[in-house]
Amino acid sequence: ILMTNFDTIALLGRRFRTYRKALHVSQRQLHEKTGVSLFTISSFENGKGQGLSLSHLLSLLNALGLDESFLDLVPDIPAIDPEKMWNKKR
């Protein structure tokens, strides 16, 4: 099932809030550490994502130690045998 952008933002926001609370970090502490506004953090955690830029998202993930998992969204390209690729296209 394909998720809409809205659904994806809402899911990420809920997951992020779960991590933040599990680490006993308040939104204010997160704001002080990252400079991301309380409004933006709250909006993200409530599934709206208003004012959330990619830079903000990376800062928030970094603050909770989740930044490495972000790279899994766009993994390294696996080694590809050009001969196999060429033969697939024929």
Side-chain angles (χ1 to χ4, degrees):
I1 297 174
L2 292 176
M3 294 177 65
T4 66
N5 289 348
F6 178 80
D7 293 337
T8 301
I9 290 168
L11 177 61
L12 290 173
R14 285 192 306 270
R15 286 183 181 177
F16 182 82
R17 179 176 45 218
T18 300
Y19 270 99
R20 178 183 60 76
K21 288 183 174 185
L23 294 170
H24 306 287
V25 176
S26 70
Q27 287 183 347
R28 179 159 301 282
Q29 289 170 313
L30 203 53
H31 157 70
E32 290 169 357
K33 185 170 184 175
T34 65
V36 177
S37 75
L38 288 170
F39 173 82
T40 298
I41 295 168
S42 177
S43 175
F44 174 48
E45 290 187 352
N46 288 311
K48 295 175 182 51
Q50 288 181 293
L52 184 70
S53 67
L54 180 58
S55 180
H56 288 152
L57 180 58
L58 290 173
S59 294
L60 294 171
L61 293 173
N62 184 33
L64 296 188
L66 299 171
D67 51 319
E68 287 187 26
S69 61
F70 192 76
L71 294 176
D72 293 338
L73 292 173
V74 183
D76 286 332
I77 297 174
I80 299 171
D81 180 353
E83 185 70 28
K84 287 182 182 178
M85 286 296 293
W86 178 253
N87 289 331
K88 270 187 175 179
K89 292 181 180 180
R90 290 184 177 184

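- In this structure, Thr40 OG1 and Leu57 CG are separated by 11.5 Å, a value rounded to the nearest 0.5 Å.
- Put simply, Ile41 and Leu54 are part of the same group of oily side chains (I, L, V, M, F, W, Y) that touch within less than 4.5 Å, one to the next.
- Judged by distance alone, with hydrogens and angles left aside, the side-chain atoms of Thr18 form a donor-acceptor pair with the main-chain N or O of Arg14 at under 3.5 Å.
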When the side chains of residues 58-68 are checked against the rest of the protein, which donor-acceptor pairs come out under 3.5 Å, sequence neighbours left out?
{"residue": "Ser59", "atom": "OG", "partner": "Ser55", "partner atom": "O", "Å": "3.1"}

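- Rounding to the nearest 0.5 Å gives a distance of 6.0 Å between OG1 of Thr8 and CG of Asn5.
- Under the 4.5 Å side-chain heavy-atom criterion for grouping Ile, Leu, Val, Met, Phe, Trp and Tyr, Leu23 is connected to Leu30 within one hydrophobic cluster.
- When the side chains of ILVMFWY residues are joined at heavy-atom separations under 4.5 Å, either directly or via intervening members, Val25 and Tyr19 end up in a single hydrophobic cluster.
- The distance from atom OG of Ser37 to atom NE2 of His56, rounded to the nearest 0.5 Å, is 6.5 Å.
- At least one donor-acceptor pair under 3.5 Å links the side chain of Ser43 to the backbone N or O of Gly49.
- Atom CD of Gln50 sits about 10.0 Å away from atom OG of Ser42, to the nearest 0.5 Å.
- Residues satisfying the salt bridge (charged side-chain N to carboxylate O under 4.0 Å, His left out) criterion with Arg20, sequence neighbours excluded, are Glu45.
- Between the side chain of His31 and the main chain of Val36, a donor-acceptor pair closer than 3.5 Å is present.
- Between the side chains of Arg17 and Asn46, at least one donor N or O sits under 3.5 Å from an acceptor N or O.
- Note that CZ of Phe16 is 12.0 Å distant from NZ of Lys21, once rounded to the nearest 0.5 Å.
- In this structure, CZ on Phe6 lies 6.5 Å from NZ on Lys48, to the nearest 0.5 angstrom.
- Looking at Leu12 and Ile9, their side chains never come closer than 4.5 Å, going by heavy atoms from C-beta outward.
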